[in-house]
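Each remark here refers to the structure printed beneath this line.
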Amino acid sequence: QFVESDDDEELLFNIPFTGSVKLKGVLVMGADDGTHPAEMRLFRNIPHMSFDDTAREAEQTFSLNRDPLGELEYPTKIARFSNLSHLSMHFPKNFGAETTKIFYIGLKGEWTEAHRHEVTICNYEASANPADHRLEQISPQTHFTS
């Protein structure tokens, strides 16, 4: 089983994580022919990345060697890939074939549970409206003493 590009040699993977990841290395396994990817570009924390977004500068770029057994590990710059919630992998070219085939992608690193705080919507009053805070027990009264 493998993933193969459609019309050209480009492939793009978007990988969301359920926690915070510190990515330390990547393994890519392809065929021992021209369909093996020749370059890999990594992008961090860009959810829903498309091919239009690949024109921007990648966090790290790798020149890949043919690796049909998945033995080569490409170390990442850990400072750039810590606190990672989403990884995008772009394979722009291969070793000369019309399409690119990838059999396996391995990610090495550390996962920790993310402490994501949801947005809290609060309404604040600039000044209190007495009609909103009416108490039945207290009613203004005037007392005269003689």
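Worth knowing before you read on, the calculation uses all heavy atoms, side chains too, and leaves out hydrogens, waters and symmetry mates. Along the sequence shown, the residues carry numbers beginning at 1.
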Which pairs count as side chain to side chain donor-acceptor pair (under 3.5 Å) when at least one residue sits in residues 64-73, sequence neighbours excluded? Glu73-Lys108

Please say yes or no: joined through hydrophobic side-chain contacts below 4.5 Å, possibly via intermediate residues, are Leu87 and Phe13 part of one cluster? yes

How about Asp32 and Phe95: do any of their side-chain heavy atoms sit closer than 4.5 Å? no

Phe81: which residues meet the ring-ring contact (aromatic ring centres under 6.0 Å, His included) condition with it, sequence neighbours left out? none

Which distance, rounded to the nearest 0.5 Å, do you find between the CD of Gln60 and the CZ of Arg44? 12.0 Å

If you look at every heavy atom in Gly25 and Thr76, which pair is closest and at what distance? N-OG1, 4.0 Å

Heavy-atom side-chain proximity of Asn14 to His86 below 4.5 angstrom: yes

Going by the rule side chain to side chain contact (heavy atoms under 4.5 Å, CB included), which residues pair with Ser50 if we only count those two or more places apart in sequence or in a different chain? Asp52, Asp53

Might you work through the side-chain contact (heavy atoms from CB on, under 4.5 Å) test for Ile105 and Phe91, ending with a clear yes or no? CA-CA 12 Å; Ile105 294 175; Phe91 298 93; 4.2 Å; yes

In Å, rounded to the nearest 0.5 Å, how long is the span from CZ of Phe62 to CG of Leu42? 5.0 Å

Just say parallel, tilted or perpendicular for the rings of Phe51 and His90, cut-offs at 30° and 60°. perpendicular

Kindly compute the distance separating OG1 (Thr54) from CE (Met89), expressed to the nearest 0.5 Å. 14.5 Å

Can you pull the salt bridge (Lys or Arg N to Asp or Glu O under 4.0 Å) pairs that have at least one residue in residues 74-89, sequence neighbours excluded? none

With a 4.5 Å cut-off on side-chain heavy-atom distances among I, L, V, M, F, W and Y, is there a chain of contacts connecting Leu72 to Val26? yes

Are the side chains of Lys101 and His36 in touch, meaning some heavy atoms are under 4.5 Å apart? no

Flag, side chain of Asn94 to backbone of Thr99, donor-acceptor distance under 3.5 Å: yes

Quick one: pull up CG in Leu11 and OG1 in Thr100 and give me the separation to the nearest 0.5 Å. 5.5 Å

From CG (Leu84) to CG (Asn45), nearest 0.5 Å: 5.0 Å

For Met29, the other hydrophobic cluster members (4.5 Å side-chain criterion, sorted by chain and number) are Phe2, Phe103, Tyr104

One thing to verify: whether Glu39 and Lys93 come together as a salt bridge, which I'm taking to mean a side-chain N less than 4.0 angstrom from a carboxylate O. yes

For Lys22, what residues pass the salt bridge (charged side-chain N to carboxylate O under 4.0 Å, His left out) criterion, not counting sequence neighbours? none

Side-chain heavy atoms of Ile15 within contact of Ser88, under 4.5 Å: no

Considering only heavy atoms from C-beta outward, does the side chain of Leu64 approach that of Tyr74 to under 4.5 Å? yes

Do Leu107 and Met40 belong together in a cluster built from hydrophobic side chains that touch within less than 4.5 Å? yes

Distance, nearest 0.5 Å, that separates CD of Glu4 from CD of Glu98: 10.5 Å

For the residue pair Ala97 and Glu9, what are the closest heavy atoms and their distance? O-OE1, 3.7 Å

Residues Thr18, Glu113; criterion side-chain contact (heavy atoms from CB on, under 4.5 Å); working and verdict: CA-CA 8 Å; Thr18 58; Glu113 186 175 352; over 6 Å; no

